[in-house]
Amino acid sequence: MSIDTDKRDAERTAAVRPTEDKIARQGRLPRWSTPGALAAAAVVVGGLLAATGAFSVGLFVFLTVVLFAVGLYALSRVVEGARKATDRVVTIVVTSAFLLALIPLISVIWTVLSNGIARFDVEFFNSSMRGIVGEGGGAYHAIAGTLVITALAAAMSIPIGLLTAVYLVEYGAGSRLARAITFFVDVMTGIPSIVAGLFAYALFALFAGPGVRLGFAGAVALSVLMIPVVVRATEEMLKIVPNELREAAFALGVPKWRTILKVVIPTSVAGIASGITLAIARVIGETAPLLIAVGITTGLNFNPFDGRQATLPVFAYYSYAAPGVPRDPYIDRAWTAALVLIVIVMVLNLAARLIARLFAPKTR
Amino acid sequence: MSTDTSPGPAPATAPAPPSSKPVVQPGDRIFAGFATGAGILILVVLAGVAAFLVTEAAPAFVAPAEEIPGGGGIVAYIWPLVFGTLLAAVLALLIATPLAVCVALFITHFAPRRISQPLGYVVDLLAAVPSIVYGLWGVAVLAPASVGLMTWLQDYLGWIPLFAGPVSATGRTMLVVGVTLAVMILPIITAVSREVFLQTPKLHEEAALALGATRWEMIKMAVLPFGRSGIISGAMLGLGRALGETMAVAIILSVSGAVTVNLISSGNPSTIAANIALQFPESTGIEVNTLIASGLVLFLITLAVNSVARFVINRRREFSGAN
């Protein structure tokens, strides 16, 4: 801290001392200097790499950005002074960090699309893997299992999560129990998904003996992951309902529970629905707990209380990690399963945004 | 009560003294009961998680050392996994945090205002991609693509133990795992940092700019000091996620069980979560108990990390000048 202030003091004294030719350097670079410098850097690096014959896209982009930053810094320092030059370099660094962060997203989506599109056909959606050894087959059983288990998890998590949030905001605010629940909801948010799977397995192993694999156990594991997300989202939404609405209802003699059901929740229903959709999107792609608690099977099984079920993420994992012979059809199916999974998750995310926008309470 | 509800001018009789207890309808009592019950149920579930894990893990702690897989006892079994878990998570954190802070700064202070919110959505999409997809992407795209870089690291920085090599030909190394995990936790750190950066008092920013600060100086003087605890807690939340990440590590990493800091060779320590995912389906008896014991250790580590993160967040909430 003291070093910081020292430095700032030094800067300040430097700023008031006009002997440095700071005032003479109040010039500005023209607007086109940034794109111009970028183009120049690209041309120089491209030329150098082409001359040495070691051209690769990654190296080209990296060296171009470095040369661009250094070049613009030097130029700006001469014309505009050190402070503006630093500002320009930081802008370049921050912008390239953002573009760098976009690369994985684009790469992931492109890879999954290009690899998964090959088997994105009707057969993938209407046949299971029963009796399939090579080509053909599909993930109908896995899609069905994913939907059943996720629906079951949602059916358990949404009421519990909603009611807990109602308790935290409307009834328990500030009480010791409410504080304990808030703390432990935070703790639950941090439970690793595989530990949730182990919990579900340990729970059902007590009743059904070791080695149990059950769709319902997977749903329990998923709801351990889902409940805290629902609680947090709902709590945030209930908190921003204006207190005047509640007081107006109370003043009209409406009992508290009807106030909550008829005034508070309808006001915040858009945000709650969007939060729940995001929670579903989060758990529908979970692999590890289902790998532990549900396992995998090749046939169709709609009953979550009767033995193993296939799920889309686990199907993708086993198709990739333990392919049969020949290998390629299994790898193709893994990518297509990943593609279907990404499409489901993206659609859910989009739906959440749309719900939040379309059903938002009219503020006027 | 009934006299109060009658319409018309105030009755001549004196109104009944207000009762000290509010009227509670049966519906109220039932609804409140349900809400409280749901809250308590969450506490029960969490207690259940701890209790069942301890119950199922207990046999592994009391079993003789030679029955534990590997034959060296429970500590010898879990220690390399803990090391691998921490190594991968810390590596991911070191890569992701500076990047995430830059991304958050870009979204809040550098991007044109009109597109900054859509850009936030785009970064959130990174968080939506399932981990299994990251695993497949990591092993199919990132691992082969990084072999060249790792060879370069070995050639020129090989004197650092981290890059001692020999380079794995498939690229399924700890470094690639760290980068993949960094991609996965980047949106978490970005989201938290973005929130606190947006909460920086506008007056502080404008005061800095009015005194002639450039944008970077304004950020250095107003935004970063205000958001420091937010960055720290976001990084801790990201660390918690990286510690528990399973499938990406299970798919990408080629495992030998060695305890080494060599990031680019093919012999890597596994992580707790990945080891459970790989071993559990074929395990029986005491092996299952051992895996659950390792899961318990993972639970405790993430619990500690997340508690510290929450502590930092909550402390900040009390002392910040944002409200």
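Labels below follow one simple rule: chain letters A, B, ... track the order of the sequence lines, proteins then strands, and each chain is numbered from 1. Being a predicted model, the structure only gives us computed values, none of them experimental.
- For the residue pair B:Ala277 and A:Leu291, the shortest heavy atom distance occurs at O-CD2, 3.6 Å.
- Nearest heavy-atom pair across A:Ala316 and B:Ile132 is CB-CG1, 4.3 Å.
- When the heavy atoms of residues 288-295 of chain B are compared with those of chain A, the residues falling under 4.5 Å are B:Val288, B:Leu291, B:Ile292, B:Gly295, listed by number.
- Within the model, atoms CG of A:Asn349 and OH of B:Tyr121 stand 11.0 Å from one another, a figure rounded to the nearest 0.5 Å.
- Of the atoms belonging to B:Val183, it is side-chain heavy atoms, and not backbone ones, that fall under 4.5 Å from chain A.
- Within a 6.0 Å radius of CZ in B:Phe34, other residues, nucleotides and ligands contribute 12 heavy atoms or fewer.
- In this structure, A:Ile181 CD1 and B:Ile42 CD1 are separated by 7.0 Å, a value rounded to the nearest 0.5 Å.
- The 12-atom threshold is exceeded at CZ of A:Arg353, counting heavy atoms of other residues, nucleotides or ligands nearer than 6.0 Å.
- With A:Asp87 contributing its side chain and B:Trp216 its backbone, the two residues share a donor-acceptor pair below 3.5 Å.
- For chain A, the nearby parts of B:Leu136 are the backbone and the side chain; heavy atoms of each come within less than 4.5 Å.
- Ring pair A:Phe98/B:Phe106 is parallel by interplanar angle, where below 30° counts as parallel and above 60° as perpendicular.
- Residues forming a side-chain contact (heavy atoms from CB on, under 4.5 Å) with A:Ile344 (at least two apart in sequence, or on another chain): A:Ile284, A:Leu312, A:Val340, A:Leu348.
- Considering only heavy-atom pairs separated by less than 4.5 Å from chain A, the leading option among B:Val139, B:Leu142, B:Thr55 is B:Val139.
- Among A:Val224, A:Val108, A:Val345, the residue with the largest count of heavy-atom pairs under 4.5 Å with chain B is A:Val108.
- One distance of note links CG of B:Leu298 with CD1 of A:Ile194; it measures 8.5 Å at 0.5 Å rounding.
- Partners of A:Tyr320 by ring pair (Phe, Tyr, Trp, His ring centres under 6.0 Å), not counting sequence neighbours: none found.
- Side-chain contact between B:Phe110 and A:Val90 is present, with heavy atoms from C-beta onward closer than 4.5 Å.
- Heavy atoms closer than 4.5 Å to chain A are found in the side chain of B:Val123, but not in its backbone.
- Interface remark: B:Leu186 contributes side-chain atoms only to the contact with chain A (heavy atom separation under 4.5 Å).
- Only the side chain of B:Ile251 comes within contact range of chain A, with heavy atoms under 4.5 Å apart.
- Counting only residues at least two apart or in different chains, salt bridge (charged side-chain N to carboxylate O under 4.0 Å, His left out) contacts with residues 281-299 of chain B are absent.
- When heavy atoms are compared at a cutoff of 4.5 Å, B:Thr214 approaches chain A by way of both its backbone and its side chain.
- Contact of B:Thr302 with chain A is made through the side chain alone, with heavy-atom distances under 4.5 Å.
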